[in-house]
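None of these values were measured; they are calculated from a predicted model. Proteins come first, then strands; the chains are lettered A, B, ... in the order of their sequence lines, and each starts at number 1.
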Protein chains: 2
Amino acid sequence: MNQNITIKDIARKFKCSPSTVSRALNNNALINIETRKTIQEYAQKMGYEKNTISLSLLQKSTKTIGVIIPSISHSHETLMINGIQSVINKMGYMLNFGITNEKHQLEKEHLKRFMANRVDAIFVSVAFETSKLGDFSHFKDIQKRNVPLIFIDRNVHLEESISFTVNDFKGAYLATKHLIDLGRKKIAHIKGPEGLNVSEMRLMGYLKCLKDHNIEINPNFIKQADFDIESALLPTSQLFESENKPDAIFCSNDYVCLGAMKVLQEKNLRIPEDVAIIGFDNCPISEFFYPPLSSIERKSFLLGEQAASFLTDQLSDMDNRVKDYRTVFNPELIIRKSTVS
Amino acid sequence: MNQNITIKDIARKFKCSPSTVSRALNNNALINIETRKTIQEYAQKMGYEKNTISLSLLQKSTKTIGVIIPSISHSHETLMINGIQSVINKMGYMLNFGITNEKHQLEKEHLKRFMANRVDAIFVSVAFETSKLGDFSHFKDIQKRNVPLIFIDRNVHLEESISFTVNDFKGAYLATKHLIDLGRKKIAHIKGPEGLNVSEMRLMGYLKCLKDHNIEINPNFIKQADFDIESALLPTSQLFESENKPDAIFCSNDYVCLGAMKVLQEKNLRIPEDVAIIGFDNCPISEFFYPPLSSIERKSFLLGEQAASFLTDQLSDMDNRVKDYRTVFNPELIIRKSTVS
DNA sequence: TTGAAAGCGCTAACAT
DNA sequence: ATGTTAGCGCTTTCAA
């Protein structure tokens with residue numbers, strides 16, 4: 001279809017061999033400086049662009065890294081991606097995305113596609129369905145093929161794995177502790193999707209903190225929502241149906257808070273006076289909610305950056321690759337007016 | 001590095017030629033049905049994965065499409081991308097992203113990378129800097145090379161081009177008209193970044209609507225911000241410094257509204273009683289702002305879908321390619337409590 | 001029904 | 001300083 005100029009074309013033009021052209025274009029010192037200049041200038045003029053496909057085939061490296069991610073609509077995801085980009089672009093790698101929409105099937109297909117395209121490495125943030133199903137065979141396949149696989153943000157339990165995650169337990173503990181420190185006793189939790197590691201860890205952190213502070217756990221105070229706004233509406237309403245109403249809510253993320261806050265406002269409950277509310281993620285927009293939202297900062301950009309640095313180190317020394325390595329980031333409590341007026 | 005099994009390996013195993021294996025794997029009817037089955041099963045068992053790199057080289061098609069986009073942190077962008085994905089994944093294509101952060105240089109580099117990687121086509125949402133500089137030579141290069149180039153959401157003025165955009169003028173007109181219909185007379189506009197087509201079109205729509213309704217244009221009522229929350233804070237404050245304060249604001253997008261709303265709330269101005277406010281984009285979260293935000297829906301998913309459908313049609317018939325084609329989507333007014341209580 | 005050979009664009013070892 | 005050759009993994013003509 002499109003007629004790209006090749007080294008052969010240039011060789012013909014200068015009546016020399018393709019290897020000479022190749023060397024000249026790579027500025028190889030063996031080639032006469034004059035020849036080099038002439039060829040380089042001609043190539044430039046003709047808009048010659050090295051065909052990286054042939055290079056990939058030859059060097060068995062595509063300089064491409066696959067990223068499998070549930071969505072790109074949450075700030076922590078885009079921040080993570082930006083963090084990764086900032087490192088790997090400098091190293092001459094490019095990213096290829098596969099968005100799973102939390103579907104197991106799509107995750108498998110993207111992974112397959114990445115393998116067929118011979119990406120040099122893969123980042124994965126595990127789809128919710130995969131966690132729930134507990135089917136990790138596709139990940140094991142990748143590991144068997146010796147392609148670096150790095151779990152970011154969400155991981156699964158494997159004998160060996162490399163992961164960069166956030167200490168969700170600690171984050172949840174911090175959030176809950178903050179509410180307790182404010183004197184709240186009836187603290188509800190809207191947890192994340194069933195079966196997802198991060199959901200469970202946040203629930204654990206919440207439960208542990210209540211226990212540590214001798215606050216009885218009320219099962220009615222634990223509801224569930226997905227990580228979006230809409231799904232938070234019903235569970236929040238339910239929290240306020242019975243006689244015993246919560247005076248604080250810890251939500252699985254900031255979007256869930258946004259949904260919950262809408263319900264609270266419709267019920268004319270004051271935030272934070274009647275109900276304090278805290279989220280998780282510290283989205284850039286959370287500061288601009290009304291009232292500004294307290295949250296847990298998870299340093300997603302940093303996570304992406306460090307995961308990518310780790311990977312580029314590994315890629316530059318594939319013979320001494322680490323097979324098992326876990327970094328857990330410490331989240332931070334961000335206090336705003338949704339908990340402290 | 002990683003030892004992928006090839007057709008050669010399989011050929012050796014069955015003491016046949018690579019061509020036979022190739023044909024068997026492609027289920028070519030020429031090959032004995034038994035042989036086919038045996039080879040296919042063996043390939044499956046060994047986890048054979050066709051090397052698409054070699055195919056790309058051979059068939060001069062990478063089945064990859066490049067997408068150049070300023071960022072992936074706005075909902076209209078992610079929706080557009082999702083729209084594109086939904087179409088092209090079905091057709092066996094994959095996407096490759098280049099995020100420009102509105103930088104001209106990065107845009108050029110990504111484009112160059114895409115050409116080196118021989119993507120089959122390119123979607124571009126033009127970086128702000130590029131619009132401002134007016135340097136479109138990199139786009140013309142792509143066109144010269146006969147690689148399909150499709151502008152989405154943001155385009156530039158070229159003799160020939162394919163674009164799928166939103167009628168920003170009309171959207172702005174709708175928003176302004178809505179405010180006028182509500183009886184507002186002192187309507188401010190916080191416009192988008194200087195030099196960006198969509199900014200200018202929205203400004204034009206605003207101005208035209210005021211003119212059509214015999215409302216005098218007050219230059220002090222026109223401020224500027226980028227498309228983010230923070231940059232909206234100062235201009236909004238400035239709007240309320242003088243004696244003559246606006247009673248409505250039309251912002252260049254919903255994020256700008258969020259920033260503006262924060263300022264209004266700090267000044268204890270009631271929304272919409274004292275100041276009505278309307279945005280552009282109709283982000284999924286805007287419904288959950290406090291108060292819920294009126295906005296202009298731009299149907300980004302649909303735009304992505306249609307642009308991708310158009311492209312796949314073109315790709316399947318490269319000889320009869322259309323070189324000049326523009327689709328402009330009609331935006332819709334979404335009324336919520338930030339303008340009507 | 002199968003095999004041999006050429007070639008996609010490039011690089012690199014081995015000549016010269 | 002430059003040319004020759006082989007090969008990365010696959011498909012496809014042509015031949016058998």
Heavy atoms, side chains only, cut-off 4.5 Å: are A/N96 and A/T62 in contact? no

For DNA chain D, which residues in residues 24-31 of chain A have a heavy atom at a distance below 4.0 Å? A/L30, A/I31

Which residues share a salt bridge (charged side-chain N to carboxylate O under 4.0 Å, His left out) with B/R321, sequence neighbours left out: none

Can you find a side chain N or O atom of B/S54 that sits less than 4.0 Å from OP1 or OP2 on D/dC10? no

Touch class at under 4.0 angstrom, heavy-atom based, for B/T6 against every strand present: sugar-phosphate

Any chance the side chains of B/E109 and B/Q105 put a donor and an acceptor closer than 3.5 Å? yes

Just the table, please: protein N/O against nucleotides 14-16 of chain D N/O, every pair under 3.5 Å.
none

Would you kindly give the CD-to-P distance between B/Q59 and D/dG9, to the nearest whole Å? 17 Å

Taken in chain and number order and not counting sequence neighbours, the residues that satisfy side-chain hydrogen bond (donor to acceptor under 3.5 Å, both in side chains) with A/E77 are A/S71

Going by atom types alone, do B/S19 and B/S22 pair a side-chain donor with an acceptor below 3.5 Å? no

How many angstroms lie between atom CG of B/N197 and atom OG1 of B/T165, to the nearest 0.5 angstrom? 8.5 Å

I need the CD1-P distance between A/I7 and D/dG3, as an integer number of Å. 12 Å

Find the distance B/K60:NZ to D/dC10:P and express it as a whole number of Å. 19 Å

Tell me, which of residues 40-51 of chain B have any heavy atom that sits under 4.0 Å from an atom in DNA chain D? B/Y48, B/K50, B/N51

What's B/L55 touching, base or sugar-phosphate or nothing? Going by heavy atoms closer than 4.0 Å. sugar-phosphate

Spatial distance of atom CD1 (A/I39) from atom CG (A/N32) [nearest 0.5 Å]: 9.5 Å

Mind checking what makes ring-ring contact (aromatic ring centres under 6.0 Å, His included) contact with A/F151, not counting sequence neighbours? A/F139

Starting at CD1 of B/I31, measure out to NZ of B/K37 and round the result to the nearest 0.5 Å. 15.0 Å

Rounded off to whole Å, could you give me the CZ-to-P distance for the A/F14 and D/dT2 pair? 12 Å

Pair up each side-chain donor or acceptor in residues 82-90 of chain B with any protein partner under 3.5 Å, not counting sequence neighbours, and list the distances.
residue	atom	partner	partner atom	Å
B/N82	ND2	B/T78	O	3.3
B/Q85	OE1	B/N89	ND2	3.2
B/S86	OG	B/G83	O	2.7

Bend of the helix from C/dT1-D/dA16 to C/dT16-D/dA1 from end-axis comparison, five pairs per end, nearest 10°, comes to 50°

Just how far is it from atom CE of B/M80 to atom CD1 of B/I72, taken to the nearest 0.5 Å? 12.0 Å

Using a cut-off of 4.0 Å on non-hydrogen atoms, how would the nucleic acid contact of B/S56 be classed: base, sugar-phosphate, or nothing? nothing

Taking 5' to 3' order, which nucleotide of DNA chain C is first and which is last to have an atom within less than 4.0 Å of a heavy atom in chain A? C/dC8 to C/dA13

Rounded to the nearest 0.5 Å, what's the gap from CG on B/L196 to OG1 on B/T130? Could you check? 10.0 Å

Once salt bridge (charged side-chain N to carboxylate O under 4.0 Å, His left out) is applied, do any residues pair with A/K108, and if so which ones, sequence neighbours excluded? none

Between P of D/dT2 and CZ of A/R36, the distance in whole Å: 10 Å

Which pairs, with at least one residue in residues 302-317 of chain B and sequence neighbours excluded, count as a side chain to side chain donor-acceptor pair (under 3.5 Å)? B/D317-B/N320

Tell me whether the rings of A/F164 and A/F329 are parallel (<30°), tilted (30 to 60°) or perpendicular (>60°). tilted

Quick one: CD1 on A/I142 to CG on A/L111, what's the gap to the nearest 0.5 Å? 3.5 Å

Pick the nucleotide of DNA chain C nearest each of B/L57 and A/L58; which residue has the one closer to the 5' end? B/L57

Gap between atoms CD1 and P, on B/I39 and D/dC10 respectively (whole Å): 13 Å

So A/S19, base contact, sugar-phosphate only, or nothing? Heavy-atom distance under 4.0 Å. base

Which side chain to side chain donor-acceptor pair (under 3.5 Å) pairs, counting each pair once, include a residue from residues 46-57 of chain A, with sequence neighbours left out? A/N26-A/K50, A/T52-B/N117

